[in-house]
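What follows is a set of notes on a single structure, which appears directly below.
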Amino acid sequence: QVYLEESGGGSVQSGGSLRLSCLYSPLGYTTPCVAWFRQLLGQEREMVASFSSADGKTYYGDFAKGRFTISRDTAKNIVYLQMTSLKPEDSAIYYCAAEYSAWYSQQRCASGESDFPTWGQGTQVTVSS
């Protein structure tokens with residue numbers, strides 16, 4: 001059974017930084033897509049960034065480009081989301097999601113859509129002005 005576990009959320013002042021971690025379970029020799037989404041109050045989930053293990057490609061939402069960086073520690077099975085220059089509008093619950101299927105993993109990473117089959121519980125990020 002696969003699982004995802006997020007950590008690293010918290011409160012920070014505007015302009016500050018946070019690093020989120022997503023611990024994902026290994027599954028055989030699969031090369032999953034692991035992504036970060038966020039959900040602002042009253043809004044749908046939007047992709048922040050994704051990491052394609054199959055080809056090493058990364059993708060970012062427009063709002064994240066230049067401020068956020070996604071990376072992976074292969075040995076620890078952790079995908080990080082380094083967030084800098086945080087703004088109050090970045091306040092949201094941040095979720096980790098994964099697609100383990102070889103058929104879909106690269107496609108999911110590139111699509112930016114939220115139809116991932118596996119999700120973590122989320123971690124709250126609050127940015128104060």
(request) Determine, using the 4.5 Å side-chain heavy-atom cutoff (strictly less than), whether W119 and I93 are members of one ILVMFWY cluster. (result) yes

Which heavy atom of [X] sits nearest to which heavy atom of [Y], and what is that distance?
X	Y	answer
A92	Q39	CB-O, 3.4 Å
L40	S91	CG-O, 3.7 Å
Y60	A49	CD2-CB, 3.6 Å

Taking the side chain as every heavy atom from C-beta outward, state whether [X] and [Y] have any atom pair closer than 4.5 Å.
X	Y	result
D90	V125	no
F37	F116	yes
M83	L20	yes

Can you check whether [Y]'s main-chain N or O pairs, donor with acceptor, with [X]'s side chain at less than 3.5 Å?
X	Y	result
Q13	S128	no
R108	D115	yes
E5	G120	no
T30	P32	no
T31	S53	no
S105	C33	no

(request) Check V127, T126, L81, L86 against L18 for a side chain to side chain contact (heavy atoms under 4.5 Å, CB included) and give me the one that passes. (result) L86

(request) Could you tell me whether Q124 atom CD has more than 12 heavy atoms of other residues or ligands within 6.0 Å of it? (result) yes

(message) A quick test of your reading: do over 12 heavy atoms of other residues, nucleotides or ligands sit less than 6.0 Å from CD of E44?
(response) no

(request) State plainly whether the residues R38 and E46 are in salt-bridge range, i.e. N to O under 4.0 Å. (result) yes

(request) Could you name each residue pair satisfying side-chain hydrogen bond (donor to acceptor under 3.5 Å, both in side chains) that touches residues 73-89, not counting sequence neighbours? (result) R72-T74

